[in-house]
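Everything below concerns the one structure shown next.
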Protein chains: 2
Amino acid sequence: MVVSESIAVAGKEADTRERLIKAALRVFADRGIASATLREITVEAGANVAAVNYYFRSKEELTRTVLETCLRPINENRLRSLEKLVAENGEAAIPLESLVEALVRPMVEQSLDDYGGRSPVRLLLQVRALPQPLTNTILANQFDSIHRLFVQALGNTLPELSRSEIGLRYDFARGAIMQILGDLDPAARDLPDLPIKQARLDNETLIRQLVHFIAAGFRAPASPSFAGA
Amino acid sequence: MVVSESIAVAGKEADTRERLIKAALRVFADRGIASATLREITVEAGANVAAVNYYFRSKEELTRTVLETCLRPINENRLRSLEKLVAENGEAAIPLESLVEALVRPMVEQSLDDYGGRSPVRLLLQVRALPQPLTNTILANQFDSIHRLFVQALGNTLPELSRSEIGLRYDFARGAIMQILGDLDPAARDLPDLPIKQARLDNETLIRQLVHFIAAGFRAPASPSFAGA
DNA sequence: CTACCATTCAAATGGATGTTTAAAATTATC
DNA sequence: GATAATTTTAAACATCCATTTGAATGGTAG
């Protein structure tokens, strides 16, 4: 059992394990999880091919670790922000804009990789587009409670909306967030599919725009066609 | 040069080529384009492995054909709806709800596969999450002009918004549409990630909800932080 | 120094994949 | 009904992959 304190090297060279995770995040996002080869990943990490099976048992477990590593901080931050809002507002309903910002800001701010890209977003988009048992379980563990809490809080803030309608609009909101973040990734720069190529967006402006749009959507009157579940 | 009129068979058994495309759509959406094997596809299509390289030259060209086949009708429908709205409204601005519905309805109604799933949506989500030269080009050809036209029309309807802000909100709207459609696919049923599992949504209700939410988002006042490009 | 641990390495293994080939089967044309 | 074109088939090919193996390396403690 080594605590790995070899004069600490002051962070000069990261642990091989950590380098593997970072390299895997990048390669997974760039080439796709299935298409990414352990050789690409280990070369980028400056490690041997066998290192993956040494530190993780398989490519599958590396995938799990990468996903959890890049998603956990985002949702921890969301949870902290939500708890803070609950504490601040006591029995009163939380202002809609604050609630939406607590959902948006962590994803915008903490979905950046070490190269200025949005690897975590592209990874999340991948695993959501391609439901599979392994990744579904990870997503459930990471997002399930968060989403329940947010939907509940939104229900308190917007009592005129049924739970079903809140759930739907919450889904719309998540889609809006993920779409724009995916499109802002430099890897999507050659997607001429985008009508937003020119706009240079800093995080604060993007957050403000997202909150503005999503809050307005939530404030739309309840639909008569939606009696609730 | 055969016109293939063998008593027509009245559509009893489809062309091998068509069966391959349909099977490929399903397998691509289920397993991912990269992970899908020609053997899975040909087995599902009831054809020989070599059939893919006979009708298409390679897996890559099969991919191109599948994507174009399932996306073209959607955007053709969007284009027709938009043109009809332009004709109906003459010089006047098109009502926002009509515009949004022209964007939403074709995707909701024509993104179903033969099994009641949303294979085209899952495929589109995949190729957007994983930018690659081949698929990027296809997406550009399919969506580029449509998006330009819609952004332009939205700009006429909402003259108080800058072009940049319209583009952003248009991106949000596309994300909302794709997210909910992906989540409604039966393949995502075991994604406990979803707060909308219970709601039984028919297409009409979903369209109304999407239009309601997106239109409200577009109607949010212009942001002072957005002077425009 | 020696023994022990964790880590790294080059090489090999076994399996799966896209693609090709050439023959067989089917269909169309005269 | 014979000939030619089209389509289907089984088998093989070459390549690439994740994973395993066993030896080499390095540092650490006794």
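Note: hydrogens, waters and symmetry copies are ignored here, and every other heavy atom, side chains too, is used.
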Measure [atom1]/[X] against [atom2]/[N] and give the value in whole Å, please.
X: B/Arg19; N: D/dT7; atom1: CZ; atom2: C1'; answer: 12 Å
X: A/Tyr54; N: C/dT8; atom1: OH; atom2: C1'; answer: 9 Å
X: A/Arg31; N: D/dC17; atom1: CZ; atom2: C1'; answer: 14 Å
X: A/Leu62; N: D/dT19; atom1: CG; atom2: C1'; answer: 14 Å
X: A/Phe56; N: C/dT7; atom1: CZ; atom2: P; answer: 12 Å
X: A/Ile41; N: D/dC17; atom1: CD1; atom2: P; answer: 11 Å
X: A/Arg17; N: C/dA6; atom1: CZ; atom2: P; answer: 15 Å

side-chain contact (heavy atoms from CB on, under 4.5 Å) filter on B/Ala24, not counting sequence neighbours, yields B/Phe28, B/Ile41, B/Leu62, B/Val66

The criterion is side-chain contact (heavy atoms from CB on, under 4.5 Å); which residues satisfy it with A/Gln142, sequence neighbours excluded? A/Glu68, A/Leu71, A/Arg72, A/Asn75, A/Ile138

Verify, without hydrogens or angle tests, whether A/Lys59 (side chain) and A/Ala34 (backbone) share a donor-acceptor contact under 3.5 angstrom. yes

Going by the rule ring pair (Phe, Tyr, Trp, His ring centres under 6.0 Å), which residues pair with B/Phe218 if we only count those two or more places apart in sequence or in a different chain?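 By the ring pair (Phe, Tyr, Trp, His ring centres under 6.0 Å) rule, B/Phe218 matches no residue at all.
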
side-chain hydrogen bond (donor to acceptor under 3.5 Å, both in side chains) pairs, two or more places apart, involving residues 45-54 of chain B: none

Salt bridge (Lys or Arg N to Asp or Glu O under 4.0 Å): which pairs involve residues 42-57 of chain B, sequence neighbours left out? B/Arg26-B/Glu44, B/Arg57-B/Glu61

For nucleotides 18-21 of chain C, which of its nitrogen or oxygen atoms have a protein nitrogen or oxygen under 3.5 Å away, and what is each distance?
residue, atom, partner, partner atom, Å
C/dG18, OP1, B/Ala36, O, 3.2
C/dG18, OP1, B/Leu38, N, 3.4
C/dG18, OP1, B/Lys59, NZ, 3.3
C/dG18, OP2, B/Leu38, N, 2.9
C/dG18, N7, B/Arg39, NH1, 3.0
C/dG18, O6, B/Arg39, NH2, 3.2
C/dT19, OP2, B/Lys59, N, 2.9

Just to be sure I understand the rule, does A/Tyr55 reach a base, reach only the sugar-phosphate, or reach nothing, if contact means heavy atoms closer than 4.0 Å? sugar-phosphate

